[in-house]
Engineer: 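The structure that follows is given in the form of structure tokens.
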Amino acid sequence: MPDESDILGQEQPDDPFAARLVKVAAMRASGDEPYKARYDRTHLAAGLHAEHKDLPAGEGSGVSASVAGRIMAKRDQGKIAFLVLRDGSGEIQLFLRSDALGEARFRETVDRIDVGDWVGAEGEVVRTRRGELSVVPADVVLLSKSLRPLPEKFHGLTDVETRYRQRYVDLIANPEVRQTFEKRFAIISAIRRFMESQGFLEVETPMLHPIPGGAAARPFVTHHNALDMDLYLRIAPELYLKRLLVGGFERVFEINRSFRNEGISVRHNPEFTMLEAYEAFTDLQGMMRLAEGIVVAAAEAACGTLQIEYQGVQLDLTPPWPRRTLVELASEAAGEEVSFARSVEDLRRLCDRHGVPFEPSWGKGKLITELFEKLAEHAIIGPMFVTDYPLETSPLARKKPGAPELTERFEVIVVGREIANAFSELIDPIDQRERFEAQARAKAGGDEEAMGYDEDYLRALEYGMPPAGGLGVGIDRLAMLLTDSPSIRDVILFPHMRPEA
RNA sequence: GGGCCGUUAGCUCAGUUGGCAGAGCAGGGGACUUUUAAUCCCAAGGUCGCAGGUUCGAGACCUGCACGGCCCA
């Protein structure tokens, strides 16, 4: 990579980077700082288009405006030049004229400015003969010199690896990427407003956990030097939020990152964003209404409608969503009854017959859950509440009355994917202790995703937790759904990547 | 973890049966006073992902590795 000293002797280097360094050096030599401190603008591009929408082609407005942004295109025609300036609101053309700037200054300005530079300009707002609203600058200021050429203007940046690694270039080259993220943040903002409108208080709980809990997942481990102890990046905020119910907060939620030390795929990033909400004195029915309300608020904010299309599939998000039990759906997909009435050996044979791999340590509940996930879940268009998850895989959910092997739990499935998960919360400290003991046995048996035994959480339950419903929503997956994005990496600004080759 | 595919100029892509590395855009020089992917002329631009192998000769064929994508687990 050349630096300024390398190119001082060269007048017109061919290399774009070097050519731009020459311009930087020339500006500095003439006392014009190429990286300025500020620029006071009067207008945004979109504001000018709105204010002057009735200005006829070929006429001047008689009013002056100053704008600032990045130069996206340059069309030099000798005595005039057109620059396309993009700011945060949109684009506005700069119509540089030698008769407005003076011939020498016009030439110097046009030669000095490259596509990619940040520029401020002030002058009369006009509409050209061809109908393009433009600013005819009496003054053009180079605010920040870009040294690297932007991707080709017509095709943009398409290499997905570069798009994810250099999101800043992706955002410059591909305007729809910006729209996707604007939608993502509109979704999150709408969900916050909805939760607050329902009387929920947004809280912050620890991300560094002494005992990983609240989900079945392998954690990231880190180390606190002063305390000389290992800590875990949280896999879920659940157990802390429920401690707050014990403390007397009746409606709380948190929207923030959790971390899971697992594979990366189109649906998994090591750090991801979840909403978790807990409401005292309600149950699974209340969580169904809450889940529907959240998705409706998010869809209206992002899409303005509940009729959406995801990857070619038409979806109607209008509540109420249908409810089916997990065992029912697994049985339909397997073509025979999948139930706790069958023996473990029988369920294993069923797995074999359908090509579903299993571990010898799995009980009926895990086998049935696996059959559902492998045979039925992917085919559900939804949105659908899948209910009655087995107790074996739901260590924090209340038992279903009259069905001791099942829990009062649902997942919301849309286009074959889990986007939300909820229970009537397990508030019985004696039952919870037994569940933790079962998890501890599974962990001892080699299950690295089994939940840790959290004695302080049990102590909290022993003080008494009110009846409650709890809900988790995968914000990244919801954003994928509402922005029609095929990969989670499309809705995470800086997705995790291996180091560059 | 397995299978398949990809990696060529800053970007987007060609590259035939193994025979001198190509185009457009961007960048450089020139022309142009209403352009919209401006247009026209000229010149320049390469560690063909990396390392081996086969061959008189490899961007292409073989092996390994790296990174990425898709599918499966």
Side-chain angles (χ1 to χ4, degrees), chain A residues 1-2 7 10-23 45 49 55-60 71-86 90-103 106-107 110-117 124 126-136 145-166 168-170 172-175 262-268 311 351 354-359 370 373-375 378 416 485-490 495-501:
Chain A
M1 183 121 340
I7 47 77
Q10 291 178 260
E11 284 301 312
Q12 304 293 348
D14 281 344
D15 173 58
F17 197 99
R20 292 179 180 206
L21 280 179
V22 168
K23 294 178 187 181
H49 286 291
L55 184 64
E59 292 192 18
I71 298 303
M72 298 305 297
K74 177 179 171 182
R75 295 183 285 273
D76 180 4
Q77 296 195 42
K79 295 284 195 298
I80 60 168
F82 301 94
L83 303 177
V84 176
L85 179 143
R86 181 196 289 171
E91 292 184 345
I92 183 76
Q93 180 169 265
L94 303 183
F95 180 6
L96 274 62
R97 307 174 56 109
S98 65
D99 53 12
L101 281 166
E103 202 154 324
F106 169 84
R107 196 70 256 158
V110 172
D111 286 344
R112 185 166 283 177
I113 293 172
D114 293 300
V115 171
D117 291 352
E124 188 191 0
V126 306
R127 194 176 294 281
T128 63
R129 285 178 215 163
R130 295 290 177 89
E132 188 70 37
L133 192 73
S134 307
V135 171
V136 179
K145 186 74 194 164
S146 170
L147 299 178
R148 294 178 183 267
L150 290 179
E152 195 245 355
K153 60 191 164 195
F154 188 55
H155 299 92
L157 179 67
T158 64
D159 180 77
V160 290
E161 185 172 349
T162 310
R163 289 186 46 218
Y164 296 147
R165 287 193 197 280
Q166 298 176 238
Y168 39 91
V169 181
D170 190 26
I172 297 166
N174 300 315
E262 294 168 349
I264 295 173
S265 78
V266 290
R267 291 190 288 282
H268 299 87
Q311 302 294 295
C351 285
H354 290 280
V356 176
F358 57 85
E359 301 285 336
E370 205 66 14
E373 287 182 357
K374 293 292 185 295
L375 301 182
H378 64 89
S485 298
S487 169
I488 197 168
R489 288 179 159 179
D490 296 324
H496 184 76
M497 305 285 280
R498 291 176 195 269
E500 283 182 64

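Note on naming: letters A, B, ... go to the chains in the order of the sequence lines (proteins, then strands), and numbering restarts at 1 for each one.
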Engineer: Roughly how many Å is it from CE in M72(A) to P in A38(B), rounded to a whole number?
Structural biologist: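 Taking atom P of A38(B) as the reference, CE of M72(A) is at 11 Å.
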
Engineer: If you check the V160(A) side chain, which of G68(B), A26(B), U34(B) turns out closest?
Structural biologist: G68(B)

Engineer: A73(A) or L157(A): which one's nearest nucleotide on RNA chain B is closer to the 5' end?
Structural biologist: L157(A)

Engineer: For the side chain of E161(A), starting at C-beta, report the closest nucleotide among U34(B), G68(B), A26(B).
Structural biologist: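 Nearest listed nucleotide: G68(B).
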
Engineer: Given G27(B), C67(B), U12(B), which nucleotide is nearest the side-chain atoms of R165(A)?
Structural biologist: C67(B)

Engineer: When the distance from CG of D99(A) to C1' of U34(B) is rounded to whole Å, what number comes out?
Structural biologist: 12 Å

Engineer: Would you mind reading off the distance between E152(A) atom CD and A9(B) atom C1', rounded to a whole angstrom?
Structural biologist: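 Roughly 13 Å, once rounded to whole Å.
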
Engineer: Does a side-chain N or O from K74(A) land closer than 4.0 Å to OP1 or OP2 of C25(B), or not?
Structural biologist: no

Engineer: Rounded to whole angstroms, how far apart are CZ on R86(A) and C1' on U36(B)?
Structural biologist: 15 Å

Engineer: How far, in whole Å, is A60(B) from C20(B) if one measures between their P atoms?
Structural biologist: 14 Å

Engineer: Distance check: side-chain N/O of T158(A) vs OP1/OP2 of C13(B), anything under 4.0 Å?
Structural biologist: yes

Engineer: Taking Q166(A) for the side chain and V169(A) for the main chain, is one N or O donor matched with an acceptor at less than 3.5 Å?
Structural biologist: no

Engineer: Which nucleotide, if any, forms a Watson-Crick or G-U wobble pair with G1(B), using both distances under 3.5 Å?
Structural biologist: C72(B)

Engineer: To the closest 0.5 Å, what do you measure between CZ (R489(A)) and NE2 (H496(A))?
Structural biologist: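 Interatomic distance, R489(A) CZ to H496(A) NE2, rounded to 0.5 Å: 8.5 Å.
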
Engineer: Answer with yes or no whether E132(A) presents, from its side chain, a donor or acceptor under 3.5 Å of a partner atom in the base of U36(B).
Structural biologist: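 Indeed, a donor on one side and an acceptor on the other fall under 3.5 Å apart.
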
Engineer: For A23(B), give its Watson-Crick or G-U wobble partner with both distances under 3.5 Å, or none.
Structural biologist: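 Answer to the pairing question: U12(B), which forms a Watson-Crick or G-U pair with A23(B).
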
Engineer: Can you measure L101(A) atom CG to U33(B) atom P for me and round it to whole angstrom units?
Structural biologist: 16 Å

Engineer: For U39(B), what is the paired nucleotide under Watson-Crick or G-U wobble rules, both distances under 3.5 Å?
Structural biologist: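 Across any shown strand, U39(B) pairs with A31(B).
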
Engineer: Using the P atom as the reference point in each nucleotide, state the distance between A37(B) and C42(B) in Å, no decimals.
Structural biologist: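 Taking atom P in both A37(B) and C42(B), they lie 24 Å apart.
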
Engineer: Measure from the side chain of Q77(A), starting at C-beta and using heavy atoms only, and say which of G69(B), U12(B), C32(B) lies closest.
Structural biologist: C32(B)

Engineer: Which value, in whole Å, describes the distance between the C1' atoms of nucleotides A51(B) and G45(B)?
Structural biologist: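 So the two C1' atoms sit 27 Å from each other.
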
Engineer: Are K153(A) and A26(B) close enough that a side-chain N or O sits under 4.0 Å from OP1 or OP2?
Structural biologist: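 For K153(A), the contact criterion (side-chain N or O under 4.0 Å from OP1 or OP2 of A26(B)) is met.
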
Engineer: For R20(A) and I264(A), find the nucleotide of RNA chain B closest to each by heavy atoms; which residue's nucleotide sits nearer the 5' end?
Structural biologist: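 Mapping each residue to its closest nucleotide by heavy atoms, the 5'-most match is R20(A).
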
Engineer: Considering every strand and a 4.0 Å limit on heavy-atom distances, what is the contact class for K23(A): base, sugar-phosphate, or nothing?
Structural biologist: sugar-phosphate

Engineer: Measure the spacing between CG of L83(A) and NZ of K74(A) and express it to the nearest 0.5 Å.
Structural biologist: 7.5 Å

Engineer: Counting distance only, does the side-chain N/O of R127(A) pair as donor-acceptor with the main-chain N or O of L55(A) below 3.5 Å?
Structural biologist: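 Pair found, side chain donor or acceptor close to backbone of L55(A).
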
Engineer: Which whole number of Å gives the distance between the C1' atom of G49(B) and that of U34(B)?
Structural biologist: 46 Å

Engineer: Provide the distance between the two C1' atoms, one in C50(B) and one in U17(B), to the nearest whole Å.
Structural biologist: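 Result for the C1' pair: 28 Å, nearest Å.
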
Engineer: Could you measure between the two P atoms, the one in U55(B) and the one in U47(B), and give it in whole Å?
Structural biologist: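 Going atom to atom, P in each nucleotide, I get 28 Å.
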
Engineer: What about R97(A): does its side chain form a donor-acceptor pair under 3.5 Å with the base of U34(B)?
Structural biologist: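 Counting by modelled atom types and ignoring angles, a donor-acceptor contact under 3.5 Å is found here.
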
Engineer: Could you give the NZ-to-P distance, from K79(A) to U34(B), as a whole number of Å?
Structural biologist: 12 Å

Engineer: In whole angstrom, give the distance that lies between atom CG of L83(A) and atom C1' of U34(B).
Structural biologist: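 My rounded result for the distance is 14 Å.
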
Engineer: Distance check, C1' atoms only: C11(B) and G46(B), in whole angstrom units.
Structural biologist: 15 Å

Engineer: Walk me through whether L101(A) and L96(A) qualify under side chain to side chain contact (heavy atoms under 4.5 Å, CB included).
Structural biologist: CA-CA 8 Å; L101(A) 281 166; L96(A) 274 62; 4.1 Å; yes

Engineer: With both distances under 3.5 angstrom, what nucleotide forms a Watson-Crick or G-U wobble pair with U7(B)?
Structural biologist: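 For U7(B), the partner nucleotide comes out as A66(B), under the 3.5 Å rule.
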
Engineer: Is the closest basic N to carboxylate O distance between K23(A) and D111(A) below 4.0 Å?
Structural biologist: no

Engineer: Which heavy-atom pair separates R165(A) from R498(A) by the least distance, and what is that distance?
Structural biologist: NH1-O, 2.6 Å

Engineer: May I ask you to evaluate whether R498(A) reaches the phosphate of G68(B), defined as a side-chain N or O under 4.0 Å from OP1 or OP2?
Structural biologist: yes

Engineer: Taking the side chain of M497(A) as its heavy atoms from C-beta onward, which of U12(B), G68(B), C70(B) lies nearest to it?
Structural biologist: G68(B)

Engineer: Contact class for G58(A) (heavy atom, under 4.0 Å): base, sugar-phosphate, or nothing?
Structural biologist: nothing

Engineer: Students often get this wrong, so: under 4.0 angstrom with heavy atoms, is D76(A) touching a base, only sugar-phosphate, or nothing?
Structural biologist: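 The residue D76(A) makes base contact.
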
Engineer: In whole angstrom, what separates D114(A)'s CG from A26(B)'s P?
Structural biologist: 12 Å

Engineer: Output the single nucleotide from A26(B), C71(B), U36(B) whose closest atom is nearest the side chain of Q93(A).
Structural biologist: U36(B)

Engineer: Pick the C1' atom in U7(B) and in A44(B), then give their distance to the nearest Å.
Structural biologist: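 Their C1' atoms lie roughly 26 Å apart.
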
Engineer: Using modelled atom types and a 3.5 Å cut-off, is there a donor and acceptor pairing between side-chain atoms of R148(A) and backbone atoms of P16(A)?
Structural biologist: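 No: the side chain of R148(A) does not pair with the backbone of P16(A).
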
Engineer: Base, sugar-phosphate or nothing for V84(A)? Non-hydrogen atoms, less than 4.0 Å.
Structural biologist: nothing

